[in-house]
Amino acid sequence: MTTIVTRFPPSPTGYLHIGGARTALFNYLYARKNNGKFVLRIEDTDQARSTQEMTDAILDAMHWLGLDFDEGPYFQSERGDIYNSYVDKLLASGHAYYCSCTPDEVEQMREEARAKGLKPKYNGCCRTKGLGPGPGRVVRFMTPLTGKVVFDDLVKGPIAWDVQEMDDFVVRRADGSAIYQMAVVVDDAEMGVTHVIRGDDHQNNTPKQILIYQALGFPLPLFGHVPMILGPDKKKMSKRHGATSVMLYKEMGYLPEAMLSYLVRLGWSHGDDELFTMDDLLQKFSLEGLGKSASVFDMDKLGWTNSHFIKTGDVPRLARLLGEIITTTTNFQPAQEYLQAIVPLFQPRAKTLKEMAEQAEFFLHEAEALPYDQHAVDKFLTPEIRQHLRILAERMETLASFDQKSLENMVAAYLEECGIKFKALAQPMRVAITGTTMSPGLFETMDVLGKERTLARLYRAVSL
RNA sequence: GUCCCCAUCGUCUAGUGGCCUAGGACGGCGGCCUCUCACGCCGCUAACAGGGGUUCAAACCCCCUUGGGGACGCCA
């Protein structure tokens, strides 16, 4: 049994986007699950649009998601000679020919075809001219005139293409460089790729590639075309749908494991399971679970998925990540120890780390600089209430231990003495301590805040 | 326009001829819990695109229609 080899071939003309990440994930999982190899190849043959920054960004994003590759990255820009040697083979074996038609002429042929309601194609006029190399000349693949290309798609089943739907496509540009179709086939063949799993926007150039495989005598890999991820308007996801770059989600406070879990459920399922860790996936992933229809990217569900992983996440790690977000968005440099005490209070409350950073901000200010929700102050910090707060603060000073339990007992005793309900004091205390009307539980908040900060805030509120 | 692919709740999906008066999840709505906000828990809402077949029996198989997506580059 041969080793399974999958690959992910991003083009560094943009960031790693949602769809690409999912494709990479599927390939990664399939290879890993089957003890195979996952190859990364950078398809940068379009020199004009490819950049080093994008390559780095893609590598970063894959690393963030934990999609490590076993081989590569290969760069197509460094393999031009290899592709060309195969174009020469095609030429030598009569599977390709030189064409002297100009881009304008070809465009005209397409226009004419369109006008007749036909598929826009190059008309093959140089097929029999027996032209040799020359300036401005491209090399075209000699597509068979009759017959069908049939392949059994891993996800969609049998797919048949009439060769008449294809024209004699270019395999080498006038500048001498080989074109995508040529590069993928040669690379996949040379790299021993056994399973080509890619977006179904590639489905219709699979027949062309199969023709090349056959002309070159390469064994065919298996192809699987996974459906697209659509925006809420059901159009192919693109920038106008907002955040499509994976790394943008990191910035927005999403956890990589949440991205993985959400993404894999888009177009793949395993019974009624909803949440997956990488370990689960390595156990459960299979091509059979892939769906055939396109799916819509849903932020709400991503948010739910993320909140789950925040809720169940490792506290020290979350504290570290939270700290990173806080320092990049504010001037605070909170201590890890403090953050680790804070995180558990917000795990059930935050949908993203970014949200957590915002919710936890009141923990970071000096008492005097704590922002107040003025409306809440006016409503809750009445003169009478402030008297209570003052007494409470004074009693807190004498507390032997400033912890949740002691605080709760002390306040309960005071409530008993005065004959008032906790409800009457809860919101005022919250406003005094956090500046707002929404926060984690009062006593746990005070506990984490500590005696000094809590008292300072209480006294500030009393003396307003 | 031509070709390819697809078609179950608003969304992600389970379902591979009887277990389906179609299940789960997100969302929405209502309730419980409660010091606020969340979490959690309980309940409700909502779908087999339409029409023909095949079959004792169709969400599941076939055909047509309709709808949606994608591709038609000297981009990848």
Side-chain angles (χ1 to χ4, degrees), chain A residues 9-14 43-46 48-50 76 99 101-103 106-107 110 113-122 136-140 153 155-157 159-162 164-167 169-177 179-181 183-184 199-207 225 227-228 230 232 234-236 262 265-275 289 291-305 307 311 345-351 359 376 411 421-431 434 436-443 445:
Chain A
S11 180
T13 53
E43 310 221 318
D44 54 354
T45 54
D46 184 350
R49 296 195 303 145
S50 300
Q76 290 193 328
C99 165
C101 297
T102 67
V106 176
E107 185 44 44
R110 288 197 245 269
R114 255 188 287 263
K116 285 186 210 150
L118 299 173
K119 188 172 232 176
K121 294 195 298 187
Y122 165 68
R137 292 183 182 178
V138 299
V139 175
R140 287 180 183 276
D153 194 277
V155 350
K156 308 209 182 188
I159 294 176
W161 268 76
D162 196 312
Q164 295 186 28
E165 290 304 324
M166 294 175 258
D167 62 0
F169 51 94
V170 174
V171 288
R172 180 191 286 163
R173 301 182 181 92
D175 69 4
S177 62
I179 231 155
Y180 167 75
Q181 309 285 8
V184 233
D200 71 9
D201 48 344
H202 281 285
Q203 189 166 309
N204 47 19
N205 53 48
T206 297
H225 291 96
M228 302 274 83
L230 278 18
K234 307 222 177 188
K235 299 279 184 210
K236 188 177 177 179
Y262 174 71
R265 279 289 286 113
L266 233 38
W268 179 82
S269 62
H270 184 269
D272 283 339
D273 296 353
E274 292 290 349
L275 269 357
K292 297 180 178 182
S293 51
S295 38
V296 173
F297 186 78
D298 179 19
M299 278 297 244
D300 283 332
K301 192 152 183 182
L302 204 216
W304 172 77
T305 306
S307 66
K311 235 171 297 175
L345 303 194
F346 294 100
Q347 277 178 294
R349 278 167 244 270
K351 227 158 42 184
Q359 292 173 157
V411 172
K421 291 242 165 76
F422 182 50
K423 264 192 191 286
L425 246 36
Q427 279 304 71
M429 287 176 78
R430 172 167 284 108
V431 173
T434 71
T436 74
T437 55
M438 295 177 296
S439 82
L442 256 187
F443 299 108
T445 298

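When reading the values below, keep in mind they use all heavy atoms of this one structure, side chains included, and skip hydrogens, waters and symmetry mates. Numbers restart at 1 for each chain; the letters A, B, ... are given by sequence-line order, proteins then strands.
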Query raised in the report: P atom, B/rG51 versus B/rC9: distance in rounded Å?
Result: 16 Å

Query - Short side-chain N/O contact to B/rA76 OP1/OP2 from A/Thr45, under 4.0 Å - result: yes

Report task. Might you confirm whether atom NZ of A/Lys351 has over 12 heavy atoms from other residues, nucleotides or ligands at distances under 6.0 Å? Result -> no

Query raised in the report: When the P atoms of B/rU11 and B/rU66 are considered, how many whole Å apart are they?
Result: 22 Å

Query raised in the report: Starting at the 5' end of RNA chain B and moving along, which residue's nearest nucleotide shows up first, A/Lys311 or A/Asp167?
Result: A/Lys311

**Report entry** A/Phe297 and A/Tyr262 aromatic ring geometry - parallel, tilted or perpendicular at 30°/60° bounds
**Finding:** perpendicular

Query raised in the report: Are the side chain of A/Asp167 and the backbone of A/Lys121 linked by a donor-acceptor contact shorter than 3.5 Å?
Result: no

Report summary line: note: A/Met228, atom CE; B/rU11, atom C1'; distance rounded to Å ~ 18 Å

Query raised in the report: Using atom C1' of each nucleotide, how far apart are B/rC44 and B/rA49 to the nearest Å?
Result: 26 Å

Query raised in the report: Can a side chain N or O of A/Arg172 be found less than 4.0 Å away from OP1 or OP2 on B/rC74?
Result: no

Query raised in the report: How long is the gap from CG on A/Asp200 to CG on A/Asp153, to the nearest 0.5 Å?
Result: 8.5 Å

**Report entry** Inter-nucleotide P distance (B/rA58, B/rC4), Å rounded
**Finding:** 31 Å

Report task. Answer with base, sugar-phosphate or nothing: what part of the nucleic acid does A/Lys116 contact at a heavy-atom distance below 4.0 Å? Result -> nothing

Query raised in the report: Between atom CD in A/Glu107 and atom C1' in B/rC72, what is the gap in whole Å?
Result: 11 Å

Query - Separation of the P atoms in B/rG28 and B/rG10, to the nearest angstrom - result: 16 Å

Query raised in the report: In the structure shown, which nucleotide is the Watson-Crick or G-U wobble counterpart of B/rC29, with both distances under 3.5 Å?
Result: B/rG43

**Report entry** Heavy-atom side-chain contact between A/Trp161 and A/Asn204 under 4.5 Å
**Finding:** yes

Requested in this report: Return the nearest nucleotide to the side chain of A/Tyr180; candidates are B/rA76, B/rC3, B/rG69.
Outcome: B/rA76

Report task. Using the P atom as the reference point in each nucleotide, state the distance between B/rC35 and B/rA47 in Å, no decimals. Result -> 40 Å

Report summary line: Given protein heavy atoms under 4.0 Å, the one-letter contact record of nucleotides 25-38 of chain B, with B base, S sugar-phosphate only and - none, is simply BSS-------BBBB

Requested in this report: Take A/Glu43 and A/Val184 through the side chain to side chain contact (heavy atoms under 4.5 Å, CB included) test and state the conclusion after the steps.
Outcome: CA-CA 9 Å; A/Glu43 310 221 318; A/Val184 233; 3.9 Å; yes

Query raised in the report: Hey, does the side chain of A/Lys119 come within less than 4.0 Å of B/rG1's phosphate (OP1/OP2), counting only N and O?
Result: no

Query raised in the report: When the P atoms of B/rA46 and B/rG24 are considered, how many whole Å apart are they?
Result: 14 Å

**Report entry** Short side-chain N/O contact to B/rG69 OP1/OP2 from A/Lys292, under 4.0 Å
**Finding:** no

**Report entry** Nucleotide B/rG40, atom C1' - distance to CD of A/Gln347 in whole Å
**Finding:** 15 Å

Report task. Pick base, sugar-phosphate or nothing for A/Cys101, based on heavy-atom distances below 4.0 Å to the nucleic acid. Result -> base

**Report entry** ring centroid sep under 5.5 Å plus plane angle under 30, A/His202 with B/rA76
**Finding:** yes

Query raised in the report: For A/Ile159 and B/rC6, what is the distance between atoms CD1 and P respectively, to the nearest whole Å?
Result: 7 Å

Query - Rounded interatomic separation in angstrom, taking CD from A/Gln164 and C1' from B/rC72 - result: 16 Å

Query - Euclidean distance, atom CZ of residue A/Phe297 to atom P of B/rU13 [Å, nearest integer] - result: 13 Å

Query raised in the report: Distance check: side-chain N/O of A/Arg49 vs OP1/OP2 of B/rG73, anything under 4.0 Å?
Result: no

**Report entry** A/Tyr122 vs A/Cys99 side-chain heavy atoms within contact, under 4.5 Å
**Finding:** yes

Query - Spacing of A/Arg110 atom CZ relative to B/rC72 atom P, expressed in whole Å - result: 10 Å

Query - In B/rC39, glycosidic geometry as syn within 90° of 0 or anti otherwise - result: syn

Report task. Would you check if A/Pro12 and A/Ser50 make a side-chain contact, meaning some heavy-atom pair closer than 4.5 Å? Result -> yes

**Report entry** Position toward the 5' end of RNA chain B (nearest nucleotide), A/Gly117 or A/Asp201
**Finding:** A/Gly117

Query raised in the report: OP1, OP2 of B/rA14 versus side-chain N and O of A/Ser269: anything below 4.0 Å?
Result: yes

Query raised in the report: Between A/Arg265 (CZ) and B/rG24 (P), how many Å, whole number?
Result: 14 Å

Query - Between B/rC48 and B/rA14 - C1' atom distance, rounded Å - result: 12 Å

Report task. Using a 4.5 Å cut-off on heavy atoms from C-beta on, say whether the side chain of A/Ile179 contacts that of A/Phe169. Result -> no

Query raised in the report: Does B/rU13 have OP1 or OP2 sitting under 4.0 Å from an N or O in the side chain of A/Ser295?
Result: yes

